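Counting starts at 1 for both ligands and their atoms, in listed order. Here the structure is a predicted model, which is why all the values come from computation and not from measurement.
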Amino acid sequence: MALALDGVRILDFTHVQSGPTCTQLLAWLGADVIKVEKPGSGDITRQQLRDVPGADSLYFTMLNHNKRSITLDTKSEQGKQILERLVRHCDVLVENFAPGVLDRMGFTWGRIQEINPRMIVASVKGFGPGPYEECKVYENVAQCAGGAASTTGFDDGPPLVTGAQIGDSGTGLHLALGIVAALYQRVATGRGQKVLAAMQDGVLNLCRVKLRDQQRLARTAVLTEYPQYPHGRFGSAVPRAANASGGGQPGTIVKCKGWERDPNAYLYFIAQAPVWKEICHVIGREQWLTDPNFATPEARLPRLKEVFEAVEAWTVTKTKFEAMAILNEHDIPCGPILSMEGLAHDPALRATGTIVEVDHPKRGPYLSVGNPIKLSASATKVRRSPLLGEHTDEILAELGYAAADLDSLRAAKVI
Ligand code: COA
């Protein structure tokens, strides 16, 4: 089957997580992704958090599927010449170096345009232009600088970072969209452009609803769906909302049967107004249907704590799956807290390719998250990540280098 990005060549200068997430997605959509790595060591994550001695880590393998790897010392003169050929050969250069690295290598935007005016140069940086643009940034720095940490956690605790890698993988996703849009625009203009996704911007975009709440708070001094309402105090900034729903329907996490032993015996419960009658029926509070303190969504807002305590008194008598089955019968929105252990073995996720088992010559079979984006006419087949420099000879041959050239390049440690 032809793939959506067949024929697109990506010069992948990315490392760690944010950039590799982006180029992995493009590879899954069919692009030929050529990952350029330092000879000898490669992407630093190959060695980080290793669980099998001598084998590329899961950190690396799970972010670099479907790519080809070439080793190249891009600081050497001969390495720069090869890089120049790669710039001519490819459509998109993707990088997430610290600010200034590409310029120091001699590949400024101006120079790249001279070599290949159709080239798109896509970058992840920690911050956009401004006081912090020179800073190096990792995931949790972005979560803190983008508003996520300040709004995550409990009112009486410190800011919290989340397990979802919204700074790295989230920004990689934003960048991938920018690249695809730039490729589309190039069809009309014939020219490349720069694409920038700053991690702070990406996190803030994903925290958009919190900027909504900031403005509501400034206007009304209170956020009625937050757990601080009605008895707690609001300051001038949006507070941490614990497990309150971020939308117009109140929700929270409630305990289920076995919570004393199982840290994941919990359920997210949404007290959606259109099914209030069903909720009262299921939890045995029919009297609330006619009680003016509970009959309308507005009346319930100051009493959400009482509502969820009653819900929990019911859910603790059921496992999360029993509760979910009953609630779904009544169209009451809810979600079980699923652990990574449970997700890894979920047959439905295996069937759709969202969880895949991949074989690797050095580490054997391992699980990965497959492509979460499904295109009906461009099906993803997940291939294992490349070994360091596995495709160096193949790629250099495509660039016109003869076998004898490769021997001398190797002897000079350029590749
Ligand atoms: N051959 C020779 N040198 C190479 C090379 C190659 N193939 N690939 C990279 N290098 C060099 C670069 O030229 C650079 O050298 P220089 O600083 O002397 O110019 C150096 O390796 C490493 O670059 P840098 O990006 O600074 O790596 P780092 O490990 O110090 O910092 C980050 C890592 C992630 C903090 C930094 O890259 C960064 O802030 N990136 C942008 C934000 C980002 O993506 N963060 C999330 C990461 S998941």
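Looking at Asp393 and Arg410, a side-chain N of the basic residue comes within less than 4.0 Å of a carboxylate O on the acidic one, giving a salt bridge. Between Arg111 and Glu84, at least one side-chain nitrogen of the basic residue sits less than 4.0 Å from a carboxylate oxygen of the acidic one, meeting the salt-bridge criterion.
Other residues, nucleotides and ligands place more than 12 heavy atoms under 6.0 Å from the CG atom of Leu301.
Take Tyr132 and apply the ring-ring contact (aromatic ring centres under 6.0 Å, His included) test, not counting sequence neighbours, and it matches Phe127.
For residues 10-38, the set of pairs meeting the salt bridge (Lys or Arg N to Asp or Glu O under 4.0 Å) definition, not counting sequence neighbours, comprises Asp12-Lys67, Asp32-Arg68, Lys35-Asp43, Glu37-Arg46. Sorted pairs that involve residues 340-352 and meet salt bridge (Lys or Arg N to Asp or Glu O under 4.0 Å), not counting sequence neighbours, are lacking altogether.
Closer than 4.0 angstrom to ligand 1 lie heavy atoms from His15, Val16, Gln17, Ser18, Glu37, Lys38, Leu72, Asp73, Thr74, Lys75, Asn96, Phe97, Ala98, Val101, Arg104, Met105, Val124, Gly126, Lys136, Val137, Tyr138, Asp168, Met199.
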